[in-house]
Amino acid sequence: MGMQLNSNQISEILPHRYPFALVDRIIDGEPGQWAKGIKCVSVNEQFFCGHFPQEHVMPGVLLIEALAQVGAVAILTLPEYQGKIVYFGGIKNARFRGKVTPGDVVELECALVKRRGPVGIGEAKATVNGKVVVTAELTFSVGAV
């Protein structure tokens with residue numbers, strides 16, 4: 001096992017706070033290369049008040065954000081990027097293949113496949129019970145806080 005971080009350790013790396021902290025734990029990874037995290041989805045999530053009251057479904061845009069947060073942990077654990085912030089540069093080929101609902105444990109993976117200085121691309125995938133629910137290519141840029 002590589003990198004393992006709890007929610008308190010993640011909050012030391014990422015600036016996201018409630019209700020936008022979307023990664024509960026990092027369960028594996030290699031700084032600068034890849035990270036794997038989990039999001040335990042609860043019916044108490046704030047977004048379920050409006051999406052959708054009659055059928056709770058986690059918004060796809062928040063799944064993309066959760067994937068980006070896992071990718072940000074992968075890049076920000078490199079010593080040269082500690083204390084920085086990661087910004088979205090783009091999202092390509094996002095595909096939503098299934099619903100995420102309360103009670104699901106979403107496994108989030110992001111591999112940094114290309115990097116030139118502070119700019120790079122991550123290949124991201126989210127699964128629930130082994131079934132792929134989201135895939136996307138995320139472009140990022142590291143900047144100062």
Hey, does Asp24 have a side-chain heavy atom less than 4.5 Å from the side chain of Ser7? no
Side chains of Phe88 and Thr139, heavy atoms from C-beta outward: is any pair under 4.5 Å? no
All heavy atoms of Ala94 vs all of Ile91, minimum pair found to be CB-CG2, 4.1 Å
Minimal non-hydrogen separation, Ile26 against Val23, with atom names: CD1-CG1, 4.0 Å
Under the side chain to side chain contact (heavy atoms under 4.5 Å, CB included) test, residues paired with Glu80 that sit two or more places apart: Leu78, Arg115
With clusters defined by side-chain heavy atoms of hydrophobic residues (ILVMFWY) lying less than 4.5 Å apart, directly or transitively, does Val132 cluster with Val61? no
Is there a donor-acceptor pair under 3.5 Å between the side chain of Asp104 and the backbone N or O of Val106? no
Any Thr127 side-chain heavy atom under 4.5 Å of Val133 side chain: no
Report yes or no: does Asn93 contribute a side-chain atom to a donor-acceptor pair with the main-chain N or O of Ala136 at less than 3.5 Å? no
For Glu55, is there an ion pair with Lys99 - N to carboxylate O distance below 4.0 angstrom? yes
For Tyr87 and Val142: C-alpha separation, side-chain torsions, deciding distance, then whether side chain to side chain contact (heavy atoms under 4.5 Å, CB included) applies. CA-CA 6 Å; Tyr87 299 100; Val142 179; over 6 Å; no
With sequence neighbours left out, the residues meeting salt bridge (Lys or Arg N to Asp or Glu O under 4.0 Å) with Glu137 are Lys92
Solution key, residues 62-77 side-chain donor-acceptor pairs under 3.5 Å, sequence neighbours excluded:
residue, atom, partner, partner atom, Å
Glu65, OE2, His16, NE2, 3.2
Glu65, OE2, Gln69, NE2, 3.0
Gln69, OE1, Leu22, N, 3.0
Gln69, NE2, Phe20, O, 2.9
Thr77, OG1, Val73, O, 2.9
Thr77, OG1, Ala74, O, 3.1

Going hydrophobic residue to hydrophobic residue with side-chain gaps under 4.5 angstrom, can you get from Ile38 over to Leu14? no
Candidate pair Val119 and Arg116, rule side chain to side chain contact (heavy atoms under 4.5 Å, CB included), full reasoning: CA-CA 5 Å; Val119 177; Arg116 180 178 238 169; 5.5 Å; no
Is a side-chain N or O of Arg17 found less than 3.5 angstrom from the main chain of Ser11, in a donor-acceptor match? yes
Please examine the side chains of Glu30 and Met3, heavy atoms only from C-beta on, and report whether any two atoms are closer than 4.5 Å. no
Counterpart residues, side chain to side chain contact (heavy atoms under 4.5 Å, CB included), relative to Glu45 (two or more places apart): Lys39, Val41, Ser42, Phe47, Phe48
So do the side chains of Glu123 and Trp34 get within less than 4.5 Å of each other, counting heavy atoms only? no
Checking Lys114 now: which residues fulfil side chain to side chain donor-acceptor pair (under 3.5 Å) with it, not counting sequence neighbours? none
Atom pair NZ/SG of Lys36 and Cys110 - distance to nearest 0.5 Å: 13.5 Å
Does Val57 reach the side chain of Val100, with side-chain heavy atoms less than 4.5 Å apart? no
Counterpart residues, side chain to side chain donor-acceptor pair (under 3.5 Å), relative to Arg97 (two or more places apart): Thr135
